A.B. asks: 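One structure follows; several queries about it will come next.
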2 protein chains.
Amino acid sequence: MNERIGIKDIAKKAGVSKGTVDRVLHNRGNVSPIAREKVNAAMKELDYVPNVIASALASKKSWKIAVLMPDSKNDPFWNQPKAGILRAKKALRDYKVMIDFYPFRDADPDHFNSCADEILSKEYHALLISASFLKEGQKVLKKCEAKELPYIQINTFLERKSECFLSYIGQDSYASGMLAAKLLNFGVEEGASAMILHLEKGTNNAKHLVDKEKGFINFFSKNKKRKINIVKGSFGDVFDKKELHQYLKEMLEKTPNVQGVFVTTSKLFHIVPILKKLGRTDIKLVGFDLIDNNLKYLYNDKIHFLINQNPKKQGFMGIMNLFNHLVLKKEINALQLLPLDVVMKENVQYYLEDKEEEIHLVF
Amino acid sequence: MNERIGIKDIAKKAGVSKGTVDRVLHNRGNVSPIAREKVNAAMKELDYVPNVIASALASKKSWKIAVLMPDSKNDPFWNQPKAGILRAKKALRDYKVMIDFYPFRDADPDHFNSCADEILSKEYHALLISASFLKEGQKVLKKCEAKELPYIQINTFLERKSECFLSYIGQDSYASGMLAAKLLNFGVEEGASAMILHLEKGTNNAKHLVDKEKGFINFFSKNKKRKINIVKGSFGDVFDKKELHQYLKEMLEKTPNVQGVFVTTSKLFHIVPILKKLGRTDIKLVGFDLIDNNLKYLYNDKIHFLINQNPKKQGFMGIMNLFNHLVLKKEINALQLLPLDVVMKENVQYYLEDKEEEIHLVF
DNA sequence: TCTAATACTGTGCACGCACACAGCCAATTT
DNA sequence: AAATTGGCTGTGTGCGTGCACAGTATTAGA
């Protein structure tokens, strides 16, 4: 049953050799229009689907992919996308896919540039990039386009109009802001206050933070049935604990009845001990990312919700989509927004488990 | 670079032929202990990893899998596991995997039995089963074990001790009860009441409902800081709207200040219009499953949270795990609990999207 | 008309493995 | 001693496709 038909079948049907079928299949040229037409007709009639297994085995081509993302030494967050990339690499080990990492120091645009130049000086088939720097990122992508090097962006999205731009894989920042708002709205009483707090430098230059803020605020302005007072805070240097303590103290004093705080990055854990010192353990907290420091507080009920952005999956899907594009010539979606998982103590295990789960191949 | 080594390499290293290596690899017997040892040593030393591509291409075996689950005509829920199974089938099209469906009428144990008998009378390599009926389910699994037919259970878990029992893939009912409790606890004021409501017949016979209830109640009994009054309700025939209306009215009258209701199945949507008629739209609602009737109310803020159990993924993983076991001879986990996704209006899109996402192959 | 270039087509090997088969040798039986 | 058995081993073909190369038909140029 279920006899799969191969190129020799369509060759026979079309009255040509399998060599000709192969040439039609891969647009290698040197095929007469008549032959091409016969082959196409036969393929359509027999509903030919290439056998990827045999194809992969026979193919001699190898594919080189460069990865340009921040060094995980400086920010452990980047270990997760990296883990996803390595898992993808393992999944593709029987295909000739080579992956080279170019980690750049995350606060060093010059280093970012020099890494990019090194990539561009070599012969890669594609690039997986997470461009932290707005201006430099745009420049690098422009250079890629000049060299016709296709790329996929993860985590940070710089808009480009080009054939080379294949996809952005990451989160929808605006939606994540709304989600945080909805969660706080659920747990905060009518008439009370909720705070959105940026704990980063240069907040206004970071598009994703601006978007999160928009989402958060728009949720409450749309939702007119319940009145919640929204305040916005911003503090750059989380390592200056004394100043941060002072800042939060003043904010909470001048804002009446704050019942919830939304921190727009993974740095929520910094304010937990401070709130404790201020005797405000009643405040409900929402933040991002399942990093150890946050998890600790999630486990003992200090943090109520963490929104998970699937960083590992971002890396994994980045490579898998490039594979899809390069090797299997499939269309890939230009925008791939990953789920915003709502994580609590009771379901966190499912999002952490790193058991040897299935490996995902894209056909 | 990255020269992959194959059986001929280890054959050379071990000083035997590739035939002997193959026999060692697949435990085909007829290998002298000395040869076996040499081959094993060579494999270890060269860190041999089989090329699944070539292996799949060369293998002549075909695999037959039977699927025994409720008919989706009667309950559209089952369309989702089915869709997952079909996707897996597509992903495996180059491997010789055949899948036959045996849908049984969901309230008809006799039909379940006769479907099972038909499967057992044919030659299948494995079975994917969702046994709705406790007693009949156990009997059927026993028969499978007698015929040495390995199986994976999805959605409903019947405990068995047997070599044939490969895995259960589904949700952790107890954890889902706790999750629901946590969500309601977040949105319900101290001193108020929360209700757990079963809308099924024969609740006490359904293990997963009992477990959900345990999880829900234990959350509140563990959490002694905040006092919430818990009440339990149970009503069998949701289609008798008048009686259901009356039942809810009385429950809400005799229970002071009910602020949240947790319905333990996908049938939450049945009580939404009734609560509206009773003028109790303030009550916060938590239930299960992204089915259309529930989604409608999620969109217009009548339902606050839906807990998603990944029914499509259950089907997909069921097949993939059988493939893993049969074809790739990999160990698979006996218990595979899928994430309990917390779904709200703001993130529901990510769990619904049926875009042609990556297809998962297990190596 | 002949040659040479070009356009097109078919053949056959390789990819790494599974598996059938034939061959070998020692032990046992006749 | 010859025949048989059974444990063990190596050889060789085929899976469906990619691709190099050889081969044939067509056309253009002299």
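Every chain is numbered from 1 and lettered A, B, ... according to where its sequence line falls, protein lines coming before strand lines. Since the model is a prediction, treat every value here as computed from it, not as a measurement. Hydrogens, waters and symmetry mates are skipped; everything else that's a heavy atom, side chains included, is used.
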A.B. asks: Would you kindly give the CG-to-P distance between A:Leu57 and C:dC15, to the nearest whole Å?
C.D. replies: 9 Å
A.B. asks: Would you mind classifying the nucleic acid contact of A:Asp22 as base, sugar-phosphate or nothing, using non-hydrogen atoms under 4.0 angstrom?
C.D. replies: base
A.B. asks: Would you kindly give the CG-to-C1' distance between B:Leu25 and C:dG16, to the nearest whole Å?
C.D. replies: 12 Å
A.B. asks: Taking only side-chain nitrogens and oxygens of A:Tyr48, does any of them come within less than 4.0 Å of OP1 or OP2 of D:dT17?
C.D. replies: yes
A.B. asks: Just so I know, are the side chains of A:Asp100 and A:Lys64 near enough to count as touching, which here means a heavy-atom distance under 4.5 Å?
C.D. replies: yes
A.B. asks: What is the separation between atom NZ on A:Lys61 and atom C1' on C:dC15, rounded to the nearest whole Å?
C.D. replies: 15 Å
A.B. asks: A:Asn27 CG to D:dC19 P: how many Å, rounded?
C.D. replies: 13 Å
A.B. asks: Picking from C:dC15, C:dA18, D:dC19, which would you name as closest to the side chain of A:Ser59?
C.D. replies: D:dC19
A.B. asks: Within the structure, does a side-chain N or O atom of B:His26 lie under 4.0 Å from either OP1 or OP2 of C:dA18?
C.D. replies: yes
A.B. asks: Short question: side chain of A:Lys312, backbone of A:Arg87 - any donor-acceptor pair under 3.5 Å?
C.D. replies: no
A.B. asks: Evaluate the side-chain contact (heavy atoms from CB on, under 4.5 Å) criterion for residues B:Arg160 and B:Gln138: first the C-alpha distance (whole Å), next the side-chain angles of each, then the deciding distance (0.1 Å), finally the verdict.
C.D. replies: CA-CA 8 Å; B:Arg160 301 292 302 170; B:Gln138 290 281 3; 2.5 Å; yes
A.B. asks: Respond yes when some side-chain nitrogen or oxygen of A:Tyr95 is under 4.0 Å from OP1 or OP2 of C:dG16, and no when none is.
C.D. replies: no
A.B. asks: Which whole-number value in Å describes the distance from B:Arg28 CZ to C:dC19 P?
C.D. replies: 4 Å
A.B. asks: Does B:Lys18 offer a backbone N or O that forms a donor-acceptor pair with the side chain of B:Asp22 under 3.5 Å?
C.D. replies: no
A.B. asks: Could I get the full list of side-chain hydrogen bond (donor to acceptor under 3.5 Å, both in side chains) partners for B:Asp117, not counting sequence neighbours?
C.D. replies: B:Lys143
A.B. asks: B:Tyr168 vs B:Phe157 aromatic rings, parallel, tilted or perpendicular, using cut-offs 30° and 60°?
C.D. replies: parallel
A.B. asks: Measure the distance from NZ on A:Lys96 to P on D:dG18 and round it to the nearest whole Å.
C.D. replies: 11 Å
A.B. asks: Could you write out each protein N or O paired with an N or O of nucleotides 9-11 of chain C at a distance under 3.5 Å?
C.D. replies:
residue, atom, partner, partner atom, Å
C:dT9, OP1, A:Ser32, OG, 2.7
C:dT9, OP2, A:Ser32, N, 3.0
C:dG10, OP2, A:Ser17, N, 2.6
C:dG10, OP2, A:Ser17, OG, 3.1
C:dG10, OP2, A:Thr20, OG1, 3.1
C:dG10, N7, A:Arg23, NH2, 3.0
C:dG10, O6, A:Arg23, NH1, 3.0

A.B. asks: Whole Å only: how far is the CG atom of A:Asn51 from the P atom of C:dC17?
C.D. replies: 17 Å
A.B. asks: Hydrogens and angles aside, do A:Asn310 and A:Tyr351 bring a side-chain donor and acceptor to less than 3.5 Å of each other?
C.D. replies: no
A.B. asks: Expressed in angstrom and rounded to an integer, what is the separation of A:Ile53 atom CD1 from C:dC15 atom C1'?
C.D. replies: 13 Å
